[in-house]
**Q** 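Supplied in structure tokens, the structure appears directly below.
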Amino acid sequence: MLFQILMYVLMIYMIYRMLSTTKTVNRRRSVISVIQKIENRDEFMQAADDLIATANNPGIEAKTRVIRIWGEIFHKEFDNIEKELEELNLDPLFIDRKGVITIEADEDTFFYFLLAIPNMLYGNDQNELRLKFEEKAKLYESKLEGQLIKAVADNCNLYYDGKDDLGEAFFKNVDEGEYPGFRYSKQMIGIYKNICDTMLCRILADRGEENESYTMYTKEFAKTGVGNRFIRMLKLDIKPDEEETEDAEVTEEADAAEEAEVIEAAEETAETEASEENTAEETTETDTETNKEEHE
């Protein structure tokens, strides 16, 4: 009798977990649908505003507000960014799992906030506004401690700000697979390595030095919408070996689809976390393999 009761309790719990996972995934896909409208400014803004107004979920609202800011910068609209940044609250994106603060389920949003947006502002000569994002990020410094994405962003900022070694030593370490102790989503690590290789290409190009060992990876990054835009904002002339012959309109549509893949990658992590009982160790790992193995 006791065994049957335990089985019923377990079954109810599993059904609850399944329904919770489905609900979370559907909410995240609503954010992806907003991103996919990025090429049409009015449709994008309307979709973002509608989702913010109806989300009824602090996490989805925060994600959408970040994406909306990214979209405004994409369309070179900078006037309202500072006000929206002041109102932005990222706290709902941090999850406390048995005393460990994790961001893996929403690491895609931090990609836009910490990496994509500052890169676009730098590329559009909006450095004063970019520095506002650096200041905002400092409010969450303790919660982001130990996250690889924060370390990558901090070192990109060294380059943007012209400070210290411009992040060169750190970028080389990541390229070589040396970043022990950092936490990160396995679905996002490839993008982080591509960004570090791209930054090394820019640093070496500034000095007139050979950068072929990093260019080979940056060329692959350039095949994606995310990478293509990141490279262009750094004013690097690096293109895939076999450049597409599509017209500009088709290429931009492909870029928008690629942007959505960043959130889809993090969505895979969210589904995994929601369906497993273990802590964030199941979606993060310390990587000691070489860069060559990771890029293969």
Side-chain angles (χ1 to χ4, degrees), residues 70 73-74 76 78 81 110-138 141 144 147-179 182 184 188-244 251 255 258-259 262 287 290-292 294-295:
W70 168 77
I73 297 169
F74 179 95
K76 302 185 186 304
F78 307 109
I81 300 296
F110 287 95
F111 168 82
Y112 286 99
F113 180 74
L114 294 172
L115 292 170
I117 288 175
N119 170 260
M120 290 174 66
L121 290 172
Y122 175 81
N124 283 285
D125 298 319
Q126 294 288 325
N127 281 299
E128 288 188 14
L129 188 53
R130 180 183 59 77
L131 290 172
K132 297 293 183 181
F133 279 82
E134 282 191 43
E135 293 174 9
K136 185 77 172 186
K138 289 178 181 177
E141 201 155 32
L144 288 167
Q147 296 289 346
L148 183 60
I149 187 172
K150 179 62 163 55
V152 174
D154 286 344
N155 282 274
C156 285
N157 288 335
L158 289 182
Y159 177 82
Y160 301 147
D161 297 332
K163 294 180 178 178
D164 301 335
D165 72 340
L166 309 179
E168 183 175 359
F170 173 84
F171 297 137
K172 285 183 176 179
N173 284 340
V174 174
D175 172 79
E176 294 168 2
E178 296 294 334
Y179 37 90
F182 283 108
Y184 57 87
M188 301 289 288
I189 186 62
I191 294 178
Y192 301 154
K193 288 197 167 190
N194 286 149
I195 286 175
C196 290
D197 289 329
T198 302
M199 296 303 297
L200 284 168
C201 285
R202 179 68 274 171
I203 291 169
L204 294 176
D206 289 345
R207 297 204 301 252
E209 297 180 13
E210 186 275 329
N211 59 10
E212 187 58 34
S213 60
Y214 306 116
T215 301
M216 60 186 293
Y217 299 122
T218 303
K219 284 181 178 179
E220 288 297 311
F221 194 32
K223 292 179 180 179
T224 70
V226 173
N228 190 326
R229 185 165 296 109
F230 198 94
I231 292 165
R232 291 202 318 265
M233 292 297 104
L234 289 174
K235 299 176 175 60
L236 273 171
D237 186 22
I238 296 178
K239 298 179 177 63
D241 287 327
E242 297 180 6
E243 193 170 5
E244 301 289 341
T251 301
D255 282 357
E258 293 281 0
E259 296 287 359
V262 176
D287 187 357
T290 64
N291 184 59
K292 305 301 180 292
E294 286 283 353
H295 278 289

**Q** Hey, what do you get for CG (Asn127) to CD (Glu134), rounding to the nearest 0.5 Å?
**A**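 Reported value, rounded in 0.5 Å steps: 9.0 Å.
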**Q** Nearest heavy-atom pair of Asn173 and Tyr179: which atoms, and what distance?
**A**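 That closest heavy-atom pairing would be O-CD2, 4.5 Å.
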**Q** Under a 4.0 Å N-O cut-off, is there an ion pair linking Glu168 with Lys172?
**A**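 Lys172 and Glu168: salt-bridged.
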**Q** For residues Pro118 and Leu114, report the shortest heavy-atom separation together with the two atoms involved.
**A**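 Looks like CG-O, 3.3 Å.
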**Q** Say you draw a straight line from SG of Cys196 to CG of Asn155; how long is it, rounded to the nearest 0.5 Å?
**A**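 If I round to the nearest 0.5 Å, the distance is 7.5 Å.
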**Q** Using side-chain contact (heavy atoms from CB on, under 4.5 Å), reason through Leu131 and Glu128 one step at a time and then give a plain yes or no.
**A** CA-CA 5 Å; Leu131 290 172; Glu128 288 188 14; 5.5 Å; no
**Q** Side chain of Asp164, backbone of Leu166: donor and acceptor closer than 3.5 Å?
**A**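 Not at all, since once roles are kept as given, no pair shorter than 3.5 Å links the two residues.
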**Q** Is Glu220 paired with Lys223 through a side-chain N to carboxylate O contact shorter than 4.0 Å?
**A**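 Looking at Lys223 and Glu220, the cut-off is met.
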**Q** Ring centroids only, cut at 6.0 angstrom: are Phe171 and Tyr159 within range, meaning strictly under it?
**A**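 No; Tyr159 has its ring centre 6.0 Å or more from that of Phe171.
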**Q** Compare all side-chain heavy atoms of Phe111 with those of Val226 and state whether any distance is below 4.5 angstrom.
**A**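 They are in contact (side-chain heavy atoms under 4.5 Å apart), so the answer is yes.
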**Q** Is there a side-chain contact (heavy atoms from CB on, under 4.5 Å) between Tyr192 and Met188? Walk through the geometry before answering.
**A** CA-CA 7 Å; Tyr192 301 154; Met188 301 289 288; 3.6 Å; yes
**Q** Tell me which pairs pass salt bridge (charged side-chain N to carboxylate O under 4.0 Å, His left out) where either residue lies in residues 151-160, with sequence neighbours left out.
**A**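 Sorted result for residues 151-160: Lys150-Asp154.
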**Q** Among residues at least two apart in sequence or on other chains, which ones pass side-chain hydrogen bond (donor to acceptor under 3.5 Å, both in side chains) with Lys235?
**A**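 Residues passing side-chain hydrogen bond (donor to acceptor under 3.5 Å, both in side chains) with Lys235: none at all.
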**Q** For a side-chain contact (heavy atoms from CB on, under 4.5 Å) check, start with the C-alpha distance between Arg202 and Asn211, then their side-chain angles and the critical distance, and finish with the verdict.
**A** CA-CA 9 Å; Arg202 179 68 274 171; Asn211 59 10; over 6 Å; no
**Q** To the nearest 0.5 Å, tell me how far Ile195 CD1 sits from Ile149 CD1.
**A**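 These two atoms lie 7.5 Å from each other.
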**Q** Just verifying a value: how many Å separate Met233 CE and Ile73 CD1, rounded to the nearest 0.5 Å?
**A**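 Reported value, rounded in 0.5 Å steps: 11.0 Å.
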**Q** Salt bridge (Lys or Arg N to Asp or Glu O under 4.0 Å) between Asp197 and Lys219: does it pass, once the steps are laid out?
**A** CA-CA 10 Å; Asp197 289 329; Lys219 284 181 178 179; over 6 Å; no
**Q** With sequence neighbours left out, which residue pairs that include part of residues 113-132 fulfil the ring pair (Phe, Tyr, Trp, His ring centres under 6.0 Å) condition?
**A**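 Non-adjacent pairs meeting ring pair (Phe, Tyr, Trp, His ring centres under 6.0 Å): Phe113-Phe133, Tyr122-Tyr160.
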**Q** Can you tell me how far the CG atom of Leu148 sits from the CZ atom of Phe170, to the nearest 0.5 Å?
**A**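 Those atoms lie 5.0 Å apart.
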**Q** Testing Asn124, Asp125, Asp161 for side chain to side chain donor-acceptor pair (under 3.5 Å) with Arg130, which one passes?
**A**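 Of all the options given, the one that passes is Asp161.
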**Q** Give a yes or no on this: more than 12 heavy atoms of other residues, nucleotides or ligands lie within 6.0 Å of atom NZ of Lys132.
**A**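 No, the 6.0 Å shell around NZ holds no more than 12 heavy atoms from other groups.
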**Q** Using a cut-off of 6.0 Å, state whether more than 12 heavy atoms not belonging to Glu210 lie near its atom CD.
**A**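 Check passes, neighbour count above 12.
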**Q** If you measure from NZ on Lys193 to CD on Glu176, what distance do you get to the nearest 0.5 Å?
**A**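 Answer rounded to 0.5 Å: 10.0 Å.
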**Q** Which is it for Phe78 and Leu121 under the side-chain contact (heavy atoms from CB on, under 4.5 Å) test, yes or no, and what are the steps along the way?
**A** CA-CA 9 Å; Phe78 307 109; Leu121 290 172; 4.0 Å; yes
**Q** What I'd like to find out is whether the side chain of Leu115 reaches to under 4.5 Å of the side chain of Cys156, using heavy atoms alone.
**A**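 Contact flag for Leu115/Cys156 side chains = yes.
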